[in-house]
Amino acid sequence: MPDDDLYPPPPAFAAQANVGPGTRERAAADPQAFWAEQAARLQWDRPWDDVLDDSAWPTAQWFTGGRLNVAVNCLDRHLAAGRGDVVALHWEGEPGDRRTVTYAQLHEQVCRLAHGLIELGVRAGDRVVLYLPVLVETVVATMACARIGAVVSLVFGGFSADALRFRVADTGATVVVASDGQFRRGQAVPVKSVVDEAVAGLDHVEHVLVVRRTDEQDLPWTAGRDVWWHDLLERQPAQHEAASFDAEHPLFIVYTSGTTGRPKGLVHTTGGYLTHASWTHWALFDAKPDDVYWCQADLAWVTAHTYVLYGPLSNGATQVVYEGSPLTPHAGRHFEVVERYGVTVYYTAPTLVRTFMKHGPQLPAGYDLSSLRLLGSVGEAINPEAWRWLHEHVGGGRCPVVDTWWQSETGAAVVAPLPGVTPLKPGSATLPVPGCAVAVVDDAGAETAPGVEGNLVITAPWPGMARTVWGDHERFVRSYWAPYAEQGWYLAGDSASRDADGYVWIGGRIDDVLNVSGHRLSSIELESALVSHPRVAEAAVVGAPDDVTGQRIVAFVITRDAPGADDAGLAEQLRAHVATRVGAVAKPREVVVVSDLPKTRSGKIMRRLVADLTAGRGGGDITSLTDPTALAAVERAWTAHR
Ligand code: ATP
Ligand code: MG
């Protein structure tokens, strides 16, 4: 829980930071004026009439009447400012191939594909699904769609034919863009055949556009439907006159990670989203023209939409984009990339930090990481132990760690520190982003006392907010807005508490909150206590049904060393450790050592599947599960333990 450790911004960092003191306060005094000021950082073809129209609650509309083009904001604007030769992307493939792409080159590719998509019959409002690895072409395709007003939906390249089919059918896409194959942990694997299987019988799919990546031989090919990317682009003009779109024109559909159940397709629009994405990228990551910025998320996750695609490109950033697994061909691959490109800002996820920790501090110590000046974290609550490790062993003790809490639904960060202003506490995403308002409340809507767990809610509209769930507005209302309809608040689905300084501490998913003899305990807090033990690398804590206490706490842990003979002794040690860290009531009744934990493709622990196991339930949605063998391993360990 709240840590006494306080890390104020290093004075030298604070002195040069994009955002100084007073911004949060100024934004709170007049959020609409604040967001209007940030929207004005963008290029509008027609100014907006109203900043906010929330007459159609819960779907708020931002910058109504305004018109703009996202691709023009992300590309043409920088060319017009004489920055065409600035590197937009340092792309690195998993096998080690590299490409450097300037803004002018990116612009040309985007213009060609914009014409190409039109040739394939795509019109404004049509959906285009991208089933691609992290390639330059993936970036080009998102921008080309934005340029012509097509609604893009990126599907993780590692998903199965079924998962792809669900998203293609759900969006009703007319074009699917895919690669012939992709590299995955050192292996070339076929992709095109997966696409063929996924779209079979979906009549709305008119074309499959294929990027050559692995030079797959004997590619299955449907004449008339399938088109090579390079053939299409070659015959298009290099310039494209972009039209402007309404601020509320849909920009993309992003499916949630599926941590808690069947993914929801959130719809994000143009003006408000870009304002929120662009400003928070600039403010939270302190974006400077000479930065080399690297957000390691796969482009299909919301993280990369906002903090690789739309945010950084709108700010003219120079970025690293890396295609492959972080551990291929060796565990130091990321640090090698940081060293090679002189990365200054590195935005990562707690799961990866914990993986690095397993290798020990000698892993990052083997590389020159002195270029780094800011670190970021997203995806899960970062355990204080992992935060400190990242700060010290990757950031050399000098880099602010910007822990950003947000969701597919929020579009961009909603709780996060301002790196030049906010004193940091390891494990807390700190305070609401300027212009955003959150609260931690009980089921009746009353704010909880400091330190007391409750529901995290967002209490006022914000520009990046999703407008609906694609094709299921009723689900949008029911999932997020119905519980606090009276107050008009957004229910995030995460539990949290605030400390006496107002800092937000995410406790886990509401569904994962443990209830032991009437005490509400957060899964994250218990897991962080476990991870702070020198022998524990990762932990998942769940509540198993118990006749006496309601729930009993079961901890599944991965040890830093190999599982050993004294696992029974370890269980005793860990119980004592948690009792000192959190309290006797939080002591896990059972400790099970496992070799792996079930995670989503974006690296989040899927506690519900572990909980199902301990409750003897089955049949949970596993479409987002990264590796079924991990769940099987937990099941075996659980059975042996019983
Ligand atoms: P689903 O909604 O389908 O269960 P998901 O919630 O994992 O999937 P995302 O929108 O990708 O899908 O993730 C958002 C969630 O990730 C948040 O609600 C929160 O639980 C967690 N999260 C993200 N960033 C942080 C952070 N910095 N600290 C704590 N939790 C975070
Ligand atoms: Mg969610």
Side-chain angles (χ1 to χ4, degrees), residues 155-156 158-164 166-167 255-264 298 300-302 349-352 354-355 379-381 383 407-408 479 492-495 506-516 521-528 530-531 536-546 550-559 563 588-642:
V155 177
F156 176 56
F159 272 148
S160 65
D162 276 355
L164 173 61
F166 165 67
R167 289 159 176 80
Y255 288 84
T256 58
S257 299
T259 310
T260 58
R262 186 182 163 88
K264 308 174 233 8
D298 189 279
W301 307 128
V302 74
T351 180
L352 194 61
R354 292 191 301 260
T355 303
E380 290 178 287
N383 318 101
Q407 314 175 295
S408 306
S479 310
D494 287 341
S495 77
I506 303 295
R509 310 304 175 112
I510 289 175
D511 301 341
D512 295 339
V513 168
L514 304 154
N515 200 323
V516 182
L521 298 165
S522 97
S523 49
I524 298 293
E525 187 179 358
L526 270 60
E527 288 165 11
S528 290
L530 290 162
V531 169
V536 177
E538 295 213 66
V541 170
V542 300
D546 188 276
Q551 284 187 324
R552 65 182 199 286
I553 302 170
V554 185
F556 292 82
V557 300
I558 303 177
T559 50
R589 183 92 64 81
E590 293 163 60
V591 175
V592 186
V593 178
V594 291
S595 55
D596 207 350
L597 286 167
K599 290 186 182 159
T600 61
R601 305 275 178 159
S602 50
K604 302 164 198 249
I605 299 173
M606 295 172 91
R607 289 176 198 78
R608 68 179 164 87
L609 294 179
V610 182
D612 285 351
L613 208 63
T614 61
R617 279 190 304 263
D621 187 299
I622 55 161
T623 48
S624 302
L625 186 63
T626 186
D627 175 11
T629 64
L631 186 59
V634 174
E635 192 163 3
R636 271 197 309 279
W638 174 247
T639 314
H641 165 83
R642 305 300 287 162

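- Between R607 and D512 the shortest heavy-atom distance is CD-OD2, 3.6 Å.
- The shortest heavy-atom contact between V554 and A544 is CG2-CB, 3.8 Å.
- What you find for L530 and V536 is that their closest heavy atoms are O-CB, 3.2 Å.
- Taking CG of L631 as the reference point, atom CE of M606 lies at 9.0 Å (rounded to 0.5 Å).
- Annotation: the span from T259 atom OG1 to D511 atom CG amounts to 11.0 Å, rounded to 0.5 Å.
- For Q407, the side chain to side chain contact (heavy atoms under 4.5 Å, CB included) partners are W405, E409, T410, Y490, A492, D494, not counting sequence neighbours.
- Smallest separation of non-hydrogen atoms from P598 and V634: CD-CG2, 3.9 Å.
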Check: residues 614-628 side-chain donor-acceptor pairs under 3.5 Å, at least two apart:
unit_1: T614; atom_1: OG1; unit_2: A611; atom_2: O; d: 2.8
unit_1: R617; atom_1: NE; unit_2: D612; atom_2: OD1; d: 3.0
unit_1: R617; atom_1: NH2; unit_2: D612; atom_2: OD1; d: 3.0
unit_1: D621; atom_1: OD1; unit_2: T623; atom_2: N; d: 3.0
unit_1: D621; atom_1: OD1; unit_2: T623; atom_2: OG1; d: 2.6
unit_1: S624; atom_1: OG; unit_2: S257; atom_2: O; d: 3.0
unit_1: D627; atom_1: OD1; unit_2: T629; atom_2: N; d: 3.1
unit_1: D627; atom_1: OD1; unit_2: T629; atom_2: OG1; d: 2.7
unit_1: D627; atom_1: OD2; unit_2: T629; atom_2: OG1; d: 2.9

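- For R552 (side chain) and P545 (main-chain N/O), a donor-acceptor pair under 3.5 Å exists by modelled atom type.
- Using a 4.0 Å cut-off between a side-chain N of Lys or Arg and a carboxylate O of Asp or Glu, D546 and R589 qualify as a salt bridge.
- Looking only at side-chain heavy atoms (C-beta outward), R642 and T639 stay at 4.5 Å or farther from each other.
- Residues R601 and G158 approach most closely at NH1-O, 2.8 Å, considering heavy atoms.
- In this structure a side-chain-to-backbone donor-acceptor pair under 3.5 Å is missing from K604 to E380.
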Verify salt bridge (charged side-chain N to carboxylate O under 4.0 Å, His left out) between E527 and R354, making sure each step is shown before the conclusion.
CA-CA 12 Å; E527 288 165 11; R354 292 191 301 260; over 6 Å; no
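- Residues passing the salt bridge (Lys or Arg N to Asp or Glu O under 4.0 Å) test with R262: none are found, sequence neighbours excluded.
- Side chains of V594 and I558 form a contact here, defined as non-hydrogen atoms less than 4.5 Å apart.
- A pairwise comparison of heavy atoms in A539 and L597 identifies C-CD1, 4.0 Å as the closest pair.
- In this structure, NZ on K264 lies 4.5 Å from OG1 on T256, to the nearest 0.5 angstrom.
- The CZ atom of F166 sits 10.5 Å away from atom CZ of F159, with the distance rounded to the nearest 0.5 Å.
- Residue pairs meeting the ring pair (Phe, Tyr, Trp, His ring centres under 6.0 Å) criterion with at least one member in residues 595-620: none, sequence neighbours excluded.
- Distance CD1/I605 to OG1/T351: 7.0 Å, rounded to 0.5 Å.
- Taking CG from D596 and CD from E538, the interatomic distance works out to 8.0 Å, rounded to the nearest 0.5 Å.
- By the salt bridge (Lys or Arg N to Asp or Glu O under 4.0 Å) test, R636 pairs with no residue at all, sequence neighbours left out.
- Note on residues 623-642: pairs passing ring pair (Phe, Tyr, Trp, His ring centres under 6.0 Å), not counting sequence neighbours, are F556-W638, W638-H641.
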